[in-house]
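Written below as structure tokens is the structure these notes are about.
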Amino acid sequence: MRCTVKGALLNGKKIRVSTGDSVEVRVINRDSSEGVICEVAERKSFLPRPPLANLSQVVFINCFKQPNLDTEAVDRFLFSSAVYGIDAVIVFNKTDLLSEAETAELAAVERRYRDIGYKIIRASVPRKSGVSEIIDTCRGKTGAFTGLSGVGKSSLLSLIFPDSEFKTNNVSGARGRGTHTTTHTKLLALDENTFVADTPGFAFVDVPTVNEESVAEYFPEIRDAISKCRFNNCVHDAEPGCKVTELIDSGEIAPWRREHYLKIYREMARRRKTY
Ligand SMILES: Nc1nc2c(ncn2[C@@H]2O[C@H](COP(=O)(O)OP(=O)(O)OP(=O)(O)O)[C@@H](O)[C@H]2O)c(=O)[nH]1
Ligand SMILES: [Mg+2]
Ligand SMILES: [Zn+2]
């Protein structure tokens, strides 16, 4: 139904209607083809950028190259979805581009994420691989494909929705960056209970503000270790008796995960001071 919005309300407050919202519509013509959105239902979750309401899952699409894998972006994204209370699945697309050595490097990264509880799916658009696993993980949920520009979100969605049109474009330039081909968020129905959104790619993952002390709670392997640190105000940086350091030394926690945790920790401390 084609709708316009005129001061839609959520709990009596004016709100910007977003993709994924459940709304009440006042029908304005006889054949019910047009309406006005007047009421927005309570949101189960909300992702602000891009604005998406009621997501239960985000599928974070990456590739090992074209564009190059950025584990800091992955970790910032996983942190953000944990703060928003939305489950995250990680897809590594474009596996057709990888040499044996690169595939082995990717496998080492995948193992790290699997070890801390994330679901990992490998995919390739030309080989049409990984698509059924992605569909399985989306089934019965409202989900969104997100990720840096050019990783293949729209290309994968066009395999899942062969009858819909998606704009896709070549990754260009020496740095192998995408060109921001998708410009708006589009929610598609796979079946009655399954919705998937294509979203515009981004170059940088914004993280929501939390207390710096709680950042560790959103890094599963760090969260599991912190009760065993010697000091209960341990920041897990270079303090003596830090269990996180011990687990990094024994190879159980990836050193780069701690680096990314610390960067977010410092960013949160800076933000608090700015306030
Ligand atoms: N070799 C290879 N190329 C791929 C694969 N998936 C996508 N591509 C190519 O990567 C380029 C970018 O794909 P898109 O689907 O437009 O990427 P996107 O993530 O939607 O990009 P934005 O809309 O800018 O965020 C296109 O040229 C695709 O043909 C893949 O699995 N393998
Ligand atoms: Mg796209
Ligand atoms: Zn510690």
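Atoms within a ligand are numbered from 1 in the order they appear, just like the ligands themselves.
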Ligand 1 to [X] polar contact by distance, N or O atoms, under 3.5 Å:
| X | answer |
| --- | --- |
| T95 | no |
| A123 | no |
| D96 | yes |
| G152 | yes |
| S149 | yes |
| P126 | no |

Of all the atoms in ligand 1, which lie at a distance below 4.0 Å from a heavy atom belonging to [X]?
| X | result |
| --- | --- |
| S124 | 31 (O) |
| G201 | 25 (O) |
| V125 | 5 (C), 6 (N), 30 (C), 31 (O) |

task = Between S154, G130, G150, S155, flag the one that comes closest to atom 7 (C) of ligand 1 by a heavy atom.
result = S155
ask   = Who gets closest to atom 10 (O) of ligand 1 by heavy atom: K94, K65, Q66?
value = K94
query = Are any non-hydrogen side-chain atoms of P220 and R257 less than 4.5 angstrom apart?
reply = yes
key: Any side-chain heavy-atom pair of F195 and N54 under 4.5 Å   = no
ask   = Using the benzene-type ring in the case of Trp, are the ring centres of F219 and W256 under 6.0 Å apart?
value = no
message = Is the ring pair F79/Y218 parallel, tilted or perpendicular, if the boundaries are 30 and 60 degrees?
response = perpendicular
task = May I ask you to decide if the ring planes of Y113 and Y118 are parallel, tilted or perpendicular, using 30° and 60° as cut-offs?
result = perpendicular
ask   = Charged N to carboxylate O under 4.0 angstrom, E72 versus K263?
value = yes
ask   = What N, O or S atom of H236 is found closest to the Zn ion (ligand 3)?
value = ND1
All side-chain contact (heavy atoms from CB on, under 4.5 Å) counterparts of D87, not counting sequence neighbours = none
Whether T199 has an N, O or S atom under 2.8 Å from the Mg ion (ligand 2) = no
key: V151 and ligand 1 - part of the residue with a heavy-atom distance under 4.0 Å   = both
query = Side-chain donor-acceptor pair under 3.5 Å between D198 and S154, yes or no?
reply = yes
ask   = Which of these, V151, I160, V91, V58, sits in a side-chain contact (heavy atoms from CB on, under 4.5 Å) with F145?
value = I160
task = Among R271, R272, R270, find the residue that satisfies the side-chain contact (heavy atoms from CB on, under 4.5 Å) test when tested with M268.
result = R271
message = Can you tell me if G147 contacts ligand 1 (heavy atom of the residue under 4.0 Å from the ligand)?
response = no
